[in-house]
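Basis for what follows: all heavy atoms, side chains included, without hydrogens, waters or symmetry-related copies. Every value quoted in this text rests on a predicted model; they were computed, and no experiment measured them. Heads up: numbering here begins at 1 and tracks the sequence.
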Amino acid sequence: MSAVLAASADAAPDAAGDAAGSAADTAARYRDHLLATLGAAPAVRVAPPAEHPARAWARSGLMTLCGAADGAPQLSVLPLTALADGALAALASLAPHADLADQRGAALLAERAALMGLQRRGATSAGGACRLLRAADGLLALSLPRDDDWSLLPAWLEAPAADWAAVEAAVREREVDELVARGRLLGLALAASRVEAAPAPWLRVHAGRSWPGVLAARPAPLVVDLSSLWAGPLCSQLLQRCGAEVVKVESTARPDGARRGSAPFFDLLHAGKRSVALDLHSARGRVQLLALLRRADIVIEASRPRALRQMGIDAEALLREKLDLSWIAIHGYGRDEPQAQWIAYGDDAGVAAGLCAAQQLAGAAPCFIGDAIADPLTGLHAALAAWASHAGGGGRLIALSLHEVARQAVQFEAPRDAAGWCARRRDWQAELRPGDERAPQARRVHATAAAFGADTDAVLARLGAC
C-alpha cells in the first residue's frame, strides 16, 4: 500500500473558497500549497500572474472550448488556469535558472486545441473521442479513441452498438455504477460524473525516501521518458526547459500514438529530445532499455506496473540499485490495484474528478471543460514532482494520476454546497470584461522533433547501453 504523503486540498488556506482571500491570488496560494506538500522552501518564490480566474479562463482561450457548439462559450467555475500558473510558478521557484520566463501555465492547457483547431462541442469532447452519456441515474463519460474500443461495446452493453446513437440508447436504460464497473473490467475508459467529497492528494510516494527533503543544486539530470501522448511528454519537455537532457524511448512495434496526430503539437513537445527506438519484444532490446534506465536520473513512464515487469523492468528494484533515481509514474487512476488496471484519458479522467459535475452544481449545462485538461494539468504537476525529487537527492517512486490531480483542482478552495457554486458562477461572470474572450494560443514551435529512432545508436553508444 502506498503512503499518501501529500497535503490534501483541505490544507489550503480556506476550503470555503472565496473567503480565503482575493480570487486573483489563487495562483500564489496554490504555488505555496504545492511547495508545502514537497517540504520545499525556496529562497525566492516566483510570482505567478495575479489575475482573476474568470478572466484568465477567458484570455487563455479555454472558454471558447466549453459549451454547446451552437451556444455561448461557458465560464468554468474552477480556477484551473490559476492552478496551472501556480504549478508552473512552483517549478520555476525550485529551478531558478530554468528557461521558463516565457511560459504561462494557463496557456499550456489550451495549446493542443490551438494547434489542432479544436472547438467546443458541448457533450462531445473537443477532440471528438469522448462523450457525456445520460444513464438512468446520472451522467457518465465514455472515451472511444481506438478502433478496438468499439469491438468491446457489445460485451459491455450486451447488445449491438455500431454507432454513438446505439450506445446512447443502450446506456439510457442502465445505472451509472453498473456501467462503469463492467466497462472497466473490459478495458474501456469511462467514468461517472460526480464531485467527490474525500480529499485528494496530487501525488503518492510508493517507495524510497519521503518528503520533505533537503533541496540543493545538482547537475542537470538525464531524463529517460517512456511515456506517450500528452501528460508525460509535457512533463519531460518542462524538465528540458529546466536544463535536463531528455531521451525519448519508444518501441519499434508501437511508437508514440501522438506521431499520428498534429505534427506541430508533437514538435512542440519533443523538439530537442533524443529519439531512441528499441525492439522491446526482443531480449536485446529489453537489455538495452534496462541499461538506459540504470543511467537515468529521472524516469518518466505511464505503463501498467505489470506490463513493465513482464519486460524485466522493476521500478522498486532499480531504486534499491540506484539510490538517487527519481521514478515518475503517471497513470489514469493510480498505481494501486485495482485502479492500476483502469484505463483513462484526459477528458474522461477530468469528468471522473468532478470537472463537469461542478459546472452542473453551479447551474450550468453539462459539457466538457477544456481539451483533455487532466493531461496538461498532470504534466505540469509531474514536472514539479520530478524536479523537486531530483533536487532532494532522488530515491523515490512517485505516482501521479490524471484523476487525482484533476480532483484536487476541483477541491482546492471549493464552495461547500450548490448555493456556493452558484454564487461563484454569478460573481465570476461579473468579472468578465469585453475583449477578455480570446482564441486558444500555443507556444511558438521553434524546431521539429527528431525522426523516429534517429538517435538510437549514438545514445546507446554514449551511455554504454549497446
Give me the atom names and distance for the closest heavy-atom approach of P199 to R407.
O-NH2, 4.0 Å

Side chains of E404 and H331: donor-acceptor distance under 3.5 Å anywhere?
no

Within-4.5 Å side-chain heavy-atom neighbours: Q237 and H270:
no

Run the side-chain contact (heavy atoms from CB on, under 4.5 Å) check on E301 and I328 step by step: do they pass?
CA-CA 6 Å; E301 53 92 358; I328 308 299; over 6 Å; no

Before accepting this row, confirm whether a basic side-chain N of the pair E111/R443 lies closer than 4.0 Å to the acidic partner's carboxylate O.
yes

Identify the heavy atoms of V167 and L153 that sit nearest to each other, and give their distance.
CG2-CD1, 3.7 Å

The reported gap from OH in Y345 to CG in D375 (rounded to nearest 0.5 angstrom) is 10.5 Å

Look at atom CD of E196 and say whether more than 12 heavy atoms of other residues, nucleotides or ligands are closer to it than 6.0 Å.
yes

Do S275 and D455 meet the criterion of a side-chain donor-acceptor pair at a distance under 3.5 Å?
no

Within the distance-only criterion (no hydrogens, no angle test), does the side chain of S143 pair as donor or acceptor with the backbone N or O of C130 below 3.5 angstrom?
no

Using every non-hydrogen atom in the two residues, find where A374 and A406 come nearest and quote the distance to one decimal.
CB-CB, 4.2 Å

Could I get the full list of ring-ring contact (aromatic ring centres under 6.0 Å, His included) partners for W327, not counting sequence neighbours?
none

Between L238 and G379 the two heavy atoms that sit nearest each other are CD1-O, 4.4 Å

Under 3.5 Å: donor-acceptor pair, side chain of R433, backbone of E431:
yes

With no hydrogens and no angle check, is any side-chain donor or acceptor of Q103 less than 3.5 Å from a backbone partner on L108?
no

May I ask you to test the F266-V445 pair for a side-chain heavy-atom distance under 4.5 Å?
no

Do side-chain atoms of Q429 reach the backbone of A54 as a donor and acceptor pair under 3.5 angstrom?
no

Verify side-chain contact (heavy atoms from CB on, under 4.5 Å) between I300 and L239, making sure each step is shown before the conclusion.
CA-CA 11 Å; I300 302 168; L239 295 177; 4.0 Å; yes

Are W156 and L179 side-chain neighbours, meaning at least one heavy-atom pair lies under 4.5 Å?
yes

Contacts table for residues 77-92: side-chain donor-acceptor under 3.5 angstrom, sequence neighbours left out:
from	atom 1	to	atom 2	distance (Å)
D85	OD1	R104	NE	3.0
D85	OD1	G105	N	3.0
D85	OD1	A106	N	3.0
D85	OD2	R104	NE	2.9
D85	OD2	R104	NH2	3.2

Side-chain polar contacts of residues 63-75 - donor-acceptor pairs under 3.5 angstrom, sequence neighbours left out - could you list them?
from	atom 1	to	atom 2	distance (Å)
T64	OG1	G61	O	2.6
Q74	OE1	Q359	NE2	2.8
Q74	NE2	A365	O	3.4

Between the CD atom in E178 and the CZ atom in R182, the distance rounded to the nearest 0.5 Å is 7.5 Å

Determine, stepwise, if the pair H281 / T252 fulfils side-chain contact (heavy atoms from CB on, under 4.5 Å).
CA-CA 9 Å; H281 291 298; T252 53; over 6 Å; no

Between R45 and S93, a side-chain donor and acceptor under 3.5 Å
no

Check whether any side-chain heavy atom of R29 lies under 4.5 Å from a side-chain heavy atom of L34, and answer yes or no.
no

ring-ring contact (aromatic ring centres under 6.0 Å, His included): which pairs involve residues 360-386, sequence neighbours left out?
Y30-H381, W202-H381

Can you list the steps and then say if L269 with Q240 is a side-chain contact (heavy atoms from CB on, under 4.5 Å)?
CA-CA 10 Å; L269 292 183; Q240 185 182 24; over 6 Å; no

Between W428 and H52, what is the ring plane arrangement, given parallel below 30°, perpendicular above 60°, and tilted in between?
perpendicular

Donor-acceptor contact present, side-chain D25 to main-chain A28, <3.5 Å
no

For G453, does its backbone N or O pair with a side-chain atom of T456 as donor and acceptor, under 3.5 Å?
yes

With side chains defined as the heavy atoms from C-beta onward, is the minimum distance between W342 and V180 less than 4.5 Å?
no

Run S326 and R396 through side-chain hydrogen bond (donor to acceptor under 3.5 Å, both in side chains) and show every step you take.
CA-CA 5 Å; S326 293; R396 299 175 186 86; 5.3 Å; no

Rounded distance (nearest 0.5 Å) linking atom CG of L133 with atom OG of S193:
11.0 Å

Roughly how far, to the nearest 0.5 Å, is SG of C422 from CG of L361?
8.0 Å

Hey, are E158 and R174 close enough for a salt bridge, meaning a charged N less than 4.0 Å from a carboxylate O?
yes

Only pairs at least two apart or in different chains count here, so list each salt bridge (charged side-chain N to carboxylate O under 4.0 Å, His left out) that has a residue in residues 223-250.
D99-R241, D102-R241, E245-R462, K248-D256, E250-R259

Does D267 use its side chain to pair, donor to acceptor, with the backbone of A449 at less than 3.5 Å?
yes

Expected output: side-chain T37 to main-chain H33 donor-acceptor under 3.5 Å
yes

Quick test of your reading: applying ring-ring contact (aromatic ring centres under 6.0 Å, His included), list the pairs with at least one residue in residues 226-260, sequence neighbours left out, ordered by first then second residue.
W230-F265

Less than 4.0 Å between a side-chain N and a carboxylate O, is that true for E437 and R59?
no

A side-chain contact here means heavy atoms from C-beta on lying under 4.5 Å apart; do C356 and L132 qualify?
yes

Closest non-hydrogen atom pair between A24 and P53, with its separation:
N-CD, 4.4 Å

Decide yes or no for L397 and V205: does some side-chain heavy atom of the first lie under 4.5 Å from some side-chain heavy atom of the second?
no

To the nearest 0.5 Å, tell me how far L142 CG sits from D347 CG.
11.5 Å

How about D147: does its CG atom have over 12 heavy atoms from other parts shown lying under 6.0 Å from it?
no

Do other residues, nucleotides or ligands put more than 12 heavy atoms under 6.0 Å from the CD atom of Q119?
no

Scanning both residues in full, the closest heavy-atom pair of L377 with A409 reads CD1-CB, 4.5 Å

Give, for atom CG of L280 and atom CG of L226, the distance between the pair rounded to the nearest 0.5 Å.
8.5 Å

Are R184 and L190 packed together at the side-chain level, in the sense that at least one heavy-atom pair is separated by less than 4.5 angstrom?
yes

